[in-house]
Novice: 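Here it is: the structure, laid out below.
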Amino acid sequence: MPDLVSTAQQSTAWPFEEARKLVARIERTGQKAVLFETGYGPSGLPHIGTFGEVARTTMVRNAFRILTEDRIPTRLLCFSDDMDGMRKVPDNVPNRDALTEFLHRPLSSVPDPFGEFESFGHHNNAMLRRFLDTFGFDYEFASATDYYTSGRFDPILRLIAERYQAVMDIMLPTLGEERRSTYSCFLPISPKSGRVLYVPMKQVDGANGTVTFEDEDGVDVTVPVTGGHVKLQWKPDFGARWAALGVDFEMYGKDHQPNTVVYDSICRVLGAEAPEHFVYELFLDDKGQKISKSKGNGITIDDWLKYASPESLALFMFSKPREAKKLYFDVIPRQVDDYLTFLEKFPGQPIKEQLGNPVFHIHGGRPPAVETISDASNHATTVSFAMLLNLVAVANSEDPQVLWGFLRRYSPTVSAENHLGLARMVGYAVAYFRDFVRPSKVYREPTEAERSALGDLATALTEHVGSTDGNALQAVIYEVGRAHFPDLSGKSKSPDGRPGVSQSWFSTIYQVLLGADRGPRFGSFAALYGVSETCELIRKGLDGSLMADHQHFLASRN
RNA sequence: GAGCGCGUAGCUCAGCCGGUAGAGCAAUUGACUUUUAAUCAAUAGGUCCUGGGUUCGAGUCCCAGCGCGCUCACCA
């Protein structure tokens, strides 16, 4: 498929642009493999930025594989810095008090507050892996604790001890006056307390590979830099890891950008070539503020996946990684529908456009076929999320079956069994209804006149229990409405010439029974919802329990 | 102050290698509806932030300016 490769070489899609840097790199160095890395700080659960990093890195990796036709093996390493000290007890874990005594210990030496894993670090690592696995990412997991204690970092640690001054010469000018006097790129683990110490080195012995420092009890201690007795300070840790593992590509957020020079310099001082970088913009919350784990603003991966597919989130990550984008609930429906549109267009596009189509990158070059439903005249169409959201609001129900009922009005044969993708979307739409539409509902009490009319309606409907004839039920509604709320303007008339029904009758039904100003054609609604259920709904509207239920619902959300 | 990004229809945004300005929503009108919602069809709506430059031709490329946003101690 040389056509694909040559087109990819010209493609302006950002994963190809990044991948071409890597192609140039291997041509320059002659290396026979390429290593992608993403970093993860396990002081909390994986967040949406973690997903973005892995997803985007995977897109570059796939682009690289296409450009090189898989002649160069690639790996993606997800590196967890679980030896980092726990600086504060996270807010969102149980047994917080029990953790306090383990402050500043490496996360892999802090007990798991959930009581499930060997340590808190192990717990969070497991969460990360479970999360990456649910998306089907191809990656290798790496634990900093494992790498340090197993001796895998020993050569680089000895090298840093030897070239200590060179590393410090890079670091010191970047630091403030105060920090400069105590800074060390080695952070010893106290043999006595087990805590990660931010203390000055009294001596660094490059020949023997040891450091001497004052322990917490005031006694000088000498430990080897190897074997996990010492870990590296953040910035040297980046550069050293790149050098030790031979990392070729790592992307990170804009907040890291000023440090790029420092990381790279340290990597070079340690005799390695710095990796290729890609700096992406940060995500903003609904108020335009940066999303961060510590602030807890913005939305989580779970939030997103409650209302939309992983693919729609992947689309969000693909689009414009260099722009600060709002990442909030209200962007979700658009991403879902854009994804469907891109998927729909893909098969008919020339290769060049396919390579720029997000679904190409989301699906590693092999996007699936889009799902369609056929209407009565056998015209195939895709069901958009926007339309489903409208439908679910009209159906006024969290019961997916009611929604399927509405869908079958358009496409009689459609079902959850023959439309798996649509079934997923129905679930998302129901969740969206529950969390965003339903809370905005306002039920009101009927007036005396309305009360009487609704009572008559319930009585009249009782004679039609079991009916699924929307038109017949609609006729009942008109009959009752005509008796209580005739339209005297003469504008609307029934087919047989009698006076029509006032608009206010329908408003009453929607406001009292559905908590909205507008709603579905009520006869059709009753047919799908069930006549006896509809009578029950009217009864609850009359005795005030719809209002009370809604109050309870609202209260239960807080 | 430095770095990065943004400025296109009422709103949210697309706009690829420079070639007659696009979508969704909102609005208006119509079809179907004895109300509504949905669906379908149509209409209207823009000094592409400003000023220069390159070019036969600039929303697009270059320079300058204006406005807005984010990041930039320590820690990761």
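In what follows, chains carry the letters A, B, and so on, assigned in the order in which the sequence lines appear, proteins first and then strands, with residues in each chain numbered from 1. Just so it is clear, the structure is predicted and the values come from calculations on it, not from any experiment. What you see below is based on every heavy atom in this structure, not just the backbone, and it leaves out hydrogens, waters and symmetry mates.
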Novice: If you measure only the distance, is there a donor-acceptor pair under 3.5 Å linking the side chains of A/Y263 and A/H277?
Specialist: no

Novice: Using Watson-Crick or G-U wobble geometry with both distances under 3.5 Å, which nucleotide pairs with B/A37?
Specialist: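 Here B/A37 is not engaged in any pair, so there is no nucleotide opposite it.
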
Novice: Think A/Q233 has a side-chain N or O under 4.0 angstrom from the OP1 or OP2 of B/A76?
Specialist: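 So the side chain of A/Q233 is within the cut-off, an N or O lying under 4.0 Å from OP1 or OP2 of B/A76.
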
Novice: Out of B/C4, B/U34, B/A76, which has the shortest distance to the side chain of A/E281?
Specialist: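 Comparing B/C4, B/U34, B/A76 against the side chain of A/E281, the answer is B/C4.
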
Novice: So, for A/I301 and A/L313, which heavy atoms are closest and what is the spacing to 0.1 Å?
Specialist: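 It is CG2-CD2, 4.3 Å.
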
Novice: What interatomic distance, in whole Å, is found between P of B/A26 and the corresponding atom of B/C68?
Specialist: 32 Å

Novice: Let me know, please, whether A/T12 or A/N259 comes out on the 5' side of the other along RNA chain B by nearest nucleotide.
Specialist: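 First, find each residue's nearest nucleotide; the 5'-ward one identifies A/T12.
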
Novice: In whole Å, what separates the P atom of B/A41 from that of B/C61?
Specialist: 35 Å

Novice: On a whole-Å scale, what distance lies between the P atoms belonging to B/A23 and B/G46?
Specialist: 15 Å

Novice: Could you tell me how far B/G52 sits from B/G45 if I compare only their P atoms? Round to whole Å.
Specialist: 28 Å

Novice: Side-chain N or O of A/R87 versus OP1/OP2 of B/A76: is the shortest distance under 4.0 Å?
Specialist: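 Yes, within the criterion.
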
Novice: Within 90° of 0 counts as syn, otherwise anti: where does B/C17 fall?
Specialist: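 Glycosidic conformation of B/C17: syn.
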
Novice: Take A/Q10 and A/T174, find for each the nucleotide of RNA chain B with the closest heavy atom, and name the residue whose nucleotide sits nearer the 5' end.
Specialist: A/Q10

Novice: Where the side chain of A/K254 is concerned, which of B/C17, B/G69, B/A76 is the nearest nucleotide?
Specialist: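 Within the option list, the nearest is B/G69.
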
Novice: OP1 or OP2 of B/U71 versus the side-chain N and O atoms of A/Y252: is any pair under 4.0 Å?
Specialist: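 Negative; the distance criterion is not met.
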
Novice: Does A/Q474 make a side-chain donor-acceptor contact with the base of B/U33, cut-off 3.5 Å?
Specialist: no

Novice: Under 3.5 Å, is there an N or O donor on one side and an acceptor on the other linking the side chain of A/K320 and the base of B/C13?
Specialist: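 A donor-acceptor contact between them is absent.
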
Novice: State whether A/F318 and A/R56 meet the cation-pi test: NZ (Lys) or CZ (Arg) under 6.0 Å from the six-membered ring centroid, and within 45° of the perpendicular axis.
Specialist: no

Novice: Specify the separation, in whole Å, of atom CD of A/E250 and atom C1' of B/A76.
Specialist: 13 Å

Novice: Looking at A/H361 versus A/F342, is the centre-to-centre ring distance below 6.0 Å?
Specialist: no

Novice: For the pair made of CZ in A/F278 and P in B/G5, what is the distance, rounded to whole Å?
Specialist: 11 Å

Novice: Whole angstroms only, please: what is the CD-C1' distance between A/Q511 and B/A37?
Specialist: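 Those two atoms, CD and C1', are 15 Å apart.
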
Novice: Just name whichever nucleotide pairs with B/A64, Watson-Crick or G-U, keeping both distances under 3.5 Å, else none.
Specialist: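 For B/A64, the partner nucleotide comes out as B/U50, under the 3.5 Å rule.
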
Novice: Between B/C4, B/C16, B/C70, spot the one nearest the side chain of A/L282, thanks.
Specialist: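 Minimum distance to the A/L282 side chain belongs to B/C70.
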
Novice: Once you apply the 3.5 Å cut-off to both distances, tell me the Watson-Crick or G-U wobble partner of B/U43, or none.
Specialist: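 B/A27 - that is the nucleotide pairing with B/U43, both distances being under 3.5 Å.
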
Novice: Kindly confirm or rule out a cation-pi arrangement of A/R241 over A/F238, judged by NZ or CZ under 6.0 Å from the six-membered ring centre and within 45° of its axis?
Specialist: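 A/R241 over A/F238 ring: yes.
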
Novice: In whole Å, what separates the P atom of B/A21 from that of B/A9?
Specialist: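 Comparing P positions in B/A21 and B/A9 gives a spacing of 15 Å.
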
Novice: Could you measure between the two C1' atoms, the one in B/C25 and the one in B/C63, and give it in whole Å?
Specialist: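 Roughly 38 Å separates the two C1' atoms.
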
Novice: So which nucleotide from B/A14, B/C17, B/G69 ends up closest to the side chain of A/E323?
Specialist: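 Selected nucleotide: B/A14.
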
Novice: Tell me the interatomic distance from A/L284, atom CG, to B/C4, atom C1', rounded to whole angstroms.
Specialist: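 Spelled out: CG on A/L284 to C1' on B/C4 is 13 Å.
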
Novice: Ring-plane angle category for A/W234 and A/H256, please: parallel below 30°, perpendicular beyond 60°, tilted otherwise.
Specialist: perpendicular

Novice: Whole-Å distance between B/C70 C1' and A/D255 CG?
Specialist: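 From A/D255 CG to B/C70 C1': 11 Å.
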
Novice: Which listed nucleotide (B/C74, B/C70, B/A76) is nearest to the side chain of A/D81?
Specialist: B/A76

Novice: Using the P atom in both, what is the distance from B/C74 to B/C13, to the nearest Å?
Specialist: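 Approximately 34 Å lies between the P atom of B/C74 and that of B/C13.
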
Novice: From CZ of A/F16 over to C1' of B/C17, roughly how many Å is that when rounded to an integer?
Specialist: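 Answer to the nearest Å: 17 Å.
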
Novice: Report the relative orientation of the aromatic rings in A/F316 and A/W304; use parallel for angles under 30°, tilted for 30 to 60°, perpendicular for over 60°.
Specialist: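 Ring orientation, 0 to 90° scale: tilted.
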
Novice: Can you check the A/N124 CG to B/A76 P distance for me, whole Å?
Specialist: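 It works out to 17 Å between those atoms.
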
Novice: At less than 4.0 Å, is any side-chain N or O atom of A/R179 found next to OP1 or OP2 of B/C75? Yes or no.
Specialist: yes

Novice: Quick check for you: among B/U35, B/A76, B/G69, whose closest atom lies nearest to any side-chain atom of A/F506?
Specialist: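 Nearest listed nucleotide: B/U35.
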
Novice: Report yes or no: is the cationic atom of A/K325 (NZ for Lys, CZ for Arg) closer than 6.0 Å to the six-membered ring centre of A/F283, at no more than 45° off its axis?
Specialist: no

Novice: Stacking between A/Y478 and B/U34, defined as ring centres under 5.5 angstrom apart with planes under 30°, is that present or not?
Specialist: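 One would call A/Y478 stacked on the B/U34 base.
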
Novice: Could you tell me the Watson-Crick or G-U partner of B/G59, where both distances fall under 3.5 Å? Say none if there is no partner.
Specialist: none

Novice: Applying a 3.5 Å limit to both distances, which nucleotide forms a Watson-Crick or G-U wobble pair with B/C70?
Specialist: B/G3

Novice: Taking only the C1' atom of each, what is the distance from B/C11 to B/C16 in whole angstrom?
Specialist: 26 Å

Novice: Quick one: A/H256 NE2 to B/C72 P, roughly how many Å, whole number?
Specialist: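 So the NE2-P distance, A/H256 to B/C72, works out to 10 Å.
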
Novice: Mind checking who B/G22 pairs with, Watson-Crick or G-U wobble, both distances under 3.5 Å?
Specialist: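 With both distances under 3.5 Å, B/G22 matches B/C13.
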
